[in-house]
Amino acid sequence: MPGIQAVMDEQQASDLHLWIALRNGDKAALDLLYSKYIASLYNFGKKICYDHDQVKDCIQDLFVELWQQQKNISLPSNSRLYLFKSLRYKILLHTKRQTRYSYLPYIKAEIMIPSFEQNLIESQLSDSQKKALKQALEKLSARQREALVLRFYEGMSCEEVASVMNVKPQSVYNLIHQSILILKNNINTSLILAEYLIVIYIYCQIFL
Amino acid sequence: MNYQNYKTEDFVLNEGFRQWVLQGKNEAVWIRFLEDYPEKKEEIQQARQIVLGVALDVEVLPADEVDHLRQRIFQKIASPEPKTMPAFRFKWYKVAASLTAILLVSLFAWWYSFSQLTTYATGYGEIKKVRLPDGSTAVVNANSQISWKEGTADREVILKGEAYFEIKKKENRQKFIVHTDDIQIEVLGTSFNVKSRRKETQVVLTSGKVALHHISSGEKALMQPGSMVTVSNDSTPFVYQQVNTQLYTSWTDNRVLINNTTLEEIAGIIEDTYGYDVEIVGETLKKRRFTATTSIPLKELDMLLKLIEITFEVDVTRKDNQIIILPRLNKQSLNR
């Protein structure tokens, strides 16, 4: 599950090795980078661009260019940040070419293939809660969603999010705070205790 | 625990809280906190939903699409240009190759055809005597060109301008052929003058026999000594005349014979020989004929012009590339 801060330093170290291998023309390194970041990059890309194929095209361009410019690419201190920034730039450039620059309003239809963790999360919420959450999420602007996914899903610091989104860190704080308030005011708060206890029980089953 | 004052948003932003919600970390700590501060239950519920909701807001690329995209990337890397590009390049390569081949072949053909031709050319005021490969001779007048294929037994020459031929008779009766723009002149052994200028060819036969063949009309003629045939390069019939051949061959001795010759004809000779534009003012003057008792040397243009001035009683002015012949005023009035 992304967002595990403890593993991050280790990841940075192994990323550096991958990057060095990539610069030496190792295709396996590119393959590993792809495997490692495809899920995150796609999730992030879909937050700022509605078009599924366009996100895929941009990811393809990103990795192809990474290979073609391997000799010229300096070792990024934070490869994840580098990849996210590059992808974001590509998608925005692409969108700009096609339409005017704007975040497209986006409504997520449903979760496609939930992983084990997502099943777990889903199981903690009733259908009515999920519905309420989705409606609440729809009330967020694309920029707010972008900030949220980077901050909470990718587990980036506000400074890192600011770097990816090319804004000041204070703007990120504001975006996230606004988002949470919007979500808070839009979700169904009547969670009954019984429901809560069931959740606790499931946790105990799984983790203890 | 200092979460007593936490609001919903503070819980969401708390890393520890999120880890509990998403990963079940420190479960016991948070359960105890809820027991200690039951009034925080609602905020915690809200925060949980938000954290879970954000975590649910995940776009997943299906596994098969992940692999497909990976293939796309590595295919593109393996062949830097898409497949259409090499095909396109290949086409260009083909076009370039065929163009080069055509160029080389035509270059070779050009070189071959011209390298085999020996050409003699004369400038204005220049007369050259050329010995042809078969032993015949040609005197080439000014501003003319004669060429023939080297290294063949053919007795064929190409003439542009004027030349006087003295053809040796061959024992095997092989013909000698002169090509001009208008006609083919076939001869066995003879001497004759050919003048091919101003879209007109004039053949003057001094001795022997020649056969003429008009290229465009197909008309044929057999010439007798002392005759002249004038041919234009359109399909008009040959024009036959009996002439004093000396008048037409005197140029070979660098002299011009003037015998019942019009001033216009003399102007033509000057134009052909020296490259000047000669303008005669007045139609009657153009048609005036004159006979000189001696031939006039061609070599000195000044002397020739002086002689023309005296014999025709005209004013001759030379300016740049132009010679203007004007009737002398007093004489003109006398003539009238």
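Each chain gets a letter, A, B and so on, in the order the sequences are listed, and its residues count up from 1.
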**Student:** Before accepting this row, confirm whether a basic side-chain N of the pair B:Arg72/A:Asp57 lies closer than 4.0 Å to the acidic partner's carboxylate O.
**Tutor:** yes

**Student:** Just by distance, do the side chain of A:Tyr34 and the backbone of B:Arg70 share a donor-acceptor pair under 3.5 Å?
**Tutor:** yes

**Student:** Using a cut-off of 6.0 Å, state whether more than 12 heavy atoms not belonging to A:Lys27 lie near its atom NZ.
**Tutor:** yes

**Student:** As an exercise, state the distance from CG of A:Asp53 to CG of B:Leu69, rounded to the nearest 0.5 Å.
**Tutor:** 10.5 Å

**Student:** Atom CZ in B:Phe74, atom CZ in A:Phe63: separation rounded to 0.5 Å?
**Tutor:** 9.0 Å

**Student:** Among B:Ile50, B:Thr8, B:Val51, whose side chain to side chain contact (heavy atoms under 4.5 Å, CB included) with A:Leu183 holds?
**Tutor:** B:Ile50

**Student:** Given heavy-atom pairs under 4.5 angstrom as the criterion, report whether the side chain, backbone, both or neither of A:Ser35 touches chain B.
**Tutor:** both

**Student:** Would you mind reporting whether B:Val12 and A:Lys184 have side-chain heavy atoms less than 4.5 Å apart?
**Tutor:** no

**Student:** Please report the interatomic distance CD1(A:Ile59) to CG(B:Leu61), rounded to the nearest 0.5 Å.
**Tutor:** 7.0 Å

**Student:** Pair B:Leu13, A:His177 - check side-chain contact (heavy atoms from CB on, under 4.5 Å), show working.
**Tutor:** CA-CA 9 Å; B:Leu13 289 168; A:His177 199 77; 4.3 Å; yes

**Student:** Roughly how far apart are B:Ile73 CD1 and A:Asp31 CG, rounded to 0.5 Å?
**Tutor:** 9.0 Å

**Student:** Measure the OG-CD distance between A:Ser179 and B:Glu9 for me, rounded to the nearest 0.5 Å.
**Tutor:** 11.5 Å

**Student:** Once you round to the nearest 0.5 Å, how far does NZ of B:Lys76 lie from CD of A:Gln60?
**Tutor:** 5.0 Å

**Student:** Heavy-atom count around B:Lys160 NZ within 6.0 Å, excluding the residue itself: above 12?
**Tutor:** no

**Student:** Where on A:Leu62 is there a heavy atom nearer than 4.5 Å to chain B: the side chain, the backbone, both, or neither?
**Tutor:** neither

